[in-house]
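First comes the structure, then the notes that go with it.
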Amino acid sequence: MSIFFHEQLYRSAAVMSLVKNFPVTVCGAGALGANITESLARSGFCQLKVIDRDRIEERNLSTQPYYRSDIGAFKAKILANNLYRALGVSIDPHSKELTPANADRLLTNSATVIDTFDNSIGRQAVKDYCASVSLPCVHVGLAADYSEIIWNQHYRIPSAANDDVCDYPLARNLVMLTVAVACEVIVTFAGTQEQQNLTCTIGDFAVKPLIL
């Protein structure tokens, strides 16, 4: 029986074939990026790349799919190892910083890019490169009780004022709600090329189209 037996019953064999061969690069392996990568892998995506320069810290464990024994290791490498053990899916990990100088090498051969970086410099590098080569890119971000899933042409880079602030409040349930919605946006795009721009709020469990 296939690992993706239940997913195929829901999606259809045709959709599963599309997502299996749909190359996705996830920028960031933190609360959003790591969980999105795991969810996509468990949904049948088999051509995944993840880029993150950071190492795992204790404070990451409540919102990210890592273990205490992983503390100190590179996020991208551990995420790839864990998903290979779980599913036999090979994730291509890059434990390095994405910059304007290497964006072309790191983002090449992608059908779409998912930006979950927590800093404005990284997000800007992703946005600029994807715009320059017309590469579909969706940005996923959150703050307090609100999150957004926005495609590149409608996205504005947030202020760099809080780039170095690590003690922000973050609810796991908002993370997981955002991850579920973002992954459904990607499945829809892989199957139909439709680009959905959405917002989520945890206080009322509302998922709404972004008013552009």
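What you see is a predicted model, and the numbers here were worked out from it, not measured in a lab. Starting from 1, each residue takes its place in the sequence as its number.
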Got a list of side-chain donor-acceptor pairs under 3.5 Å for residues 122-129, not counting sequence neighbours?
unit_1, atom_1, unit_2, atom_2, d
R123, NE, F117, O, 2.8
R123, NH1, D115, OD2, 2.8
R123, NH1, Y155, OH, 3.3
R123, NH2, F117, O, 2.8
R123, NH2, V140, O, 2.9
Q124, NE2, D128, OD1, 2.8
Q124, NE2, D128, OD2, 3.3
K127, NZ, N152, O, 2.8
K127, NZ, Y155, O, 3.0

Scan the side chains in residues 199-212 for donor-acceptor partners under 3.5 Å anywhere in the protein, sequence neighbours excluded, and list what turns up.
unit_1, atom_1, unit_2, atom_2, d
T201, OG1, D204, OD1, 2.5
D204, OD1, A206, N, 3.2

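A single hydrophobic cluster is seen to contain both F45 and I36, as judged by linkage of ILVMFWY side chains at heavy-atom distances under 4.5 Å, directly or through other members. By the criterion of side-chain heavy atoms lying less than 4.5 angstrom apart, applied directly or through intervening Ile, Leu, Val, Met, Phe, Trp or Tyr residues, L106 is not grouped with V50; the two fall into different hydrophobic clusters. Note on L135 and F22: separate hydrophobic clusters, where clusters join Ile, Leu, Val, Met, Phe, Trp and Tyr whose side-chain heavy atoms are under 4.5 Å apart, directly or indirectly. Residues Y146 and I149 do not share a hydrophobic cluster, clusters being chains of Ile/Leu/Val/Met/Phe/Trp/Tyr side chains in contact below 4.5 Å. A single hydrophobic cluster is seen to contain both V175 and I186, as judged by linkage of ILVMFWY side chains at heavy-atom distances under 4.5 Å, directly or through other members.
Once rounded to the nearest 0.5 Å, the distance linking OG1 of T116 with NE2 of H139 reads 11.0 Å. Expressed to the nearest 0.5 Å, how far SG of C46 lies from CD1 of I3 amounts to 8.5 Å. A distance of 11.5 Å separates CD1 of I114 from CD1 of I51, quoted to the nearest 0.5 Å. Of the inter-residue distances, the one linking E38 atom CD with C183 atom SG reads 10.0 Å to the nearest 0.5 angstrom.
Side-chain N or O atoms of S39 include none that pairs as donor or acceptor with a backbone N or O of N35 at under 3.5 Å.
Taking the side chain as every heavy atom from C-beta outward, I150 and V138 never approach each other to under 4.5 Å. Considering only heavy atoms from C-beta on, L170 comes within 4.5 Å of L142 through its side chain. The shortest distance between side-chain heavy atoms of V89 and L83 does not fall below 4.5 Å. Between L198 and E148, the closest side-chain pair of non-hydrogen atoms is not below 4.5 Å. Residues V15 and S12 form a side-chain contact, since some pair of their non-hydrogen atoms from C-beta on lies under 4.5 Å apart. Considering only heavy atoms from C-beta on, L32 comes within 4.5 Å of V179 through its side chain. For the pair L40/V19, no side-chain contact is recorded, criterion being any heavy-atom separation below 4.5 Å from C-beta on. At least one side-chain heavy atom of C27 sits under 4.5 Å from a side-chain heavy atom of L107.
Within the structure, side chain to side chain donor-acceptor pair (under 3.5 Å) pairs that include any residue of residues 71-83 comprise Q64-K75 (at least two apart or interchain). For residues 13-29, every residue pair satisfying the side chain to side chain donor-acceptor pair (under 3.5 Å) rule, not counting sequence neighbours, is listed here: T25-S110.
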Would you please test K49 and V26 for side chain to side chain contact (heavy atoms under 4.5 Å, CB included) and show each step? CA-CA 6 Å; K49 180 191 301 182; V26 182; over 6 Å; no
Could you please spell out the steps behind the side chain to side chain contact (heavy atoms under 4.5 Å, CB included) verdict for L174 and S147? CA-CA 8 Å; L174 177 61; S147 63; 4.1 Å; yes
Step by step, would you call V187 with R11 a side chain to side chain contact (heavy atoms under 4.5 Å, CB included)? CA-CA 9 Å; V187 172; R11 303 285 182 190; 3.7 Å; yes
In sequence, state the C-alpha distance, the side-chain angles, and the governing distance for Q8 and Y10, and then conclude on side chain to side chain donor-acceptor pair (under 3.5 Å). CA-CA 5 Å; Q8 179 168 313; Y10 178 72; over 6 Å; no
Verdict with supporting geometry, N60 and D54, side chain to side chain contact (heavy atoms under 4.5 Å, CB included): CA-CA 11 Å; N60 301 146; D54 291 340; over 6 Å; no
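A search for salt bridge (Lys or Arg N to Asp or Glu O under 4.0 Å) contacts involving R53 returns E97, not counting sequence neighbours. Legend: residues meeting side-chain contact (heavy atoms from CB on, under 4.5 Å) with A180, ordered by chain and number and at least two apart, are absent. In this view, F4 satisfies the ring-ring contact (aromatic ring centres under 6.0 Å, His included) rule with no residue, not counting sequence neighbours. By the side-chain contact (heavy atoms from CB on, under 4.5 Å) test, I71 pairs with I56, E58, L61, sequence neighbours left out. The side-chain contact (heavy atoms from CB on, under 4.5 Å) test applied to R55 returns F74, not counting sequence neighbours. Take R172 and apply the salt bridge (Lys or Arg N to Asp or Glu O under 4.0 Å) test, not counting sequence neighbours, and it matches no residue. With sequence neighbours excluded, the residues forming a side-chain contact (heavy atoms from CB on, under 4.5 Å) with P136 are T112, W151, F189, Q195, listed by chain and number. By the salt bridge (Lys or Arg N to Asp or Glu O under 4.0 Å) test, D52 is found to be paired with no residue, residues two or more places apart in sequence or in another chain being considered.
Nearest heavy-atom pair across A76 and P93 is O-CB, 3.4 Å. Nearest heavy-atom pair, A73 versus I78, reported as atom, atom and distance to 0.1 Å: CB-CG1, 3.6 Å.
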